[in-house]
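The structure appears right after this line, and notes come after that.
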Amino acid sequence: SQQGEEDPQALSIQEGENATMNCSYKTSINNLQWYRQNSGRGLVHLILIRSNEREKHSGRLRVTLDTSKKSSSLLITASRAADTASYFCATVLTGANSKLTFGKGITLSVRP
Amino acid sequence: GAVVSQHPSRVICKSGTSVKIECRSLDFQATTMFWYRQFPKKSLMLMATSNEGSKATYEQGVEKDKFLINHASLTLSTLTVTSAHPEDSSFYICSATPGYNEQFFGPGTRLTVL
């Protein structure tokens, strides 16, 4: 079964608004990563947060991790039409040696 | 930054033929490469983990004789879909890691089997 489950499955917002996407997982992790995928393309790594970290920032991205709740959130601030894509969370389980387990993904649409 | 290429980007073949997909790490040595399959509007499903110089480790439910993986060097892994059938049509994506946590993904290969 999927390790990561994103919520919501689809999100549509206006340009300039913030987008918040959530991911929950089931078992102990080494780290959690967020990826972006434009339609029909490969994945782009956005950010990695380790199990001993609670928050990380990268430009307009902010990721949080709550290991007690086994959940993570990805916040994109001041969204742009170019942010339209699918976003996936992926976990590396403890002892899993880089192996990623992906969630189902969230489709984000940013209306200009 | 680390770049991973895949070739071809798109292939259409007849049922029963075999198709080879290459995955290359262009500016780093990849101790491990991964092969994923993705159906439309779905997540990536890991097919196998490939380590240079050793046999690939396949995920449960993935036929190793159907999907042959060769990792001949630290910069190249190949996936061969043998005797392809229409149900093998999918988007195949590889990734490579130099040994720490981050994976770098290729742009994917769209396989269509007629």
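Chain A is the first sequence line, chain B the second, and so forth, proteins listed ahead of strands; every chain is numbered from 1. Hydrogens, waters and symmetry mates are skipped; everything else that's a heavy atom, side chains included, is used.
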- Find out if a path of hydrophobic residues (ILVMFWY) with successive side-chain heavy-atom gaps under 4.5 Å connects Val11(B) to Ile69(B). yes
- Query: When hydrophobic residues are tied together by side-chain contacts of less than 4.5 Å, even through go-betweens, does Phe28(B) share a cluster with Leu74(B)?
  - Reply: no
- Item | Gln33(A) and Gln103(B) side chains, donor-acceptor separation under 3.5 Å | no
- Message: I'd like to know whether NE2 of His7(B) has more than 12 heavy-atom contacts from other residues, nucleotides or ligands below 6.0 angstrom.
- Response: no
- Side chains of Leu100(A) and Tyr36(B) in contact at under 4.5 Å (non-hydrogen atoms): yes
- Query: Which value, rounded to the nearest 0.5 Å, describes the distance between Arg41(A) atom CZ and Ser9(B) atom OG?
  - Reply: 10.0 Å
- Item | Arg111(A) atom CZ, neighbour heavy-atom count above 12 within 6.0 Å | yes
- Which bit of Gln60(B) comes within less than 4.5 Å of chain A, counting heavy atoms only: side chain, backbone, both or neither? neither
- Provide the closest heavy-atom pair for Phe88(A) versus Lys42(B) in the form atom of the first, atom of the second, distance. CZ-O, 4.0 Å
- Examine Leu68(B) and Val19(B) and state if one hydrophobic cluster contains both, with Ile, Leu, Val, Met, Phe, Trp and Tyr joined whenever side-chain heavy atoms are less than 4.5 Å apart. no
- Query: Got Lys99(A) and Thr57(B) here, is their nearest side-chain heavy-atom distance under 4.5 Å?
  - Reply: no
- Item | Spatial distance of atom CZ (Phe104(B)) from atom NE2 (His45(A)) [nearest 0.5 Å] | 8.0 Å
- Spell out, yes or no, whether Tyr35(A) and Leu46(B) are grouped together once hydrophobic residues are joined by side-chain heavy atoms under 4.5 Å, including indirect joins. yes
- Check whether more than 12 heavy atoms from other residues, nucleotides or ligands sit under 6.0 Å from atom CD of Glu15(A), and answer yes or no. yes
- Query: Distance from Phe102(A) atom CZ to Gln38(B) atom CD, nearest 0.5 Å?
  - Reply: 9.0 Å
- Item | Side chain Ser43(B), main chain Gly103(A), donor-acceptor under 3.5 Å | yes
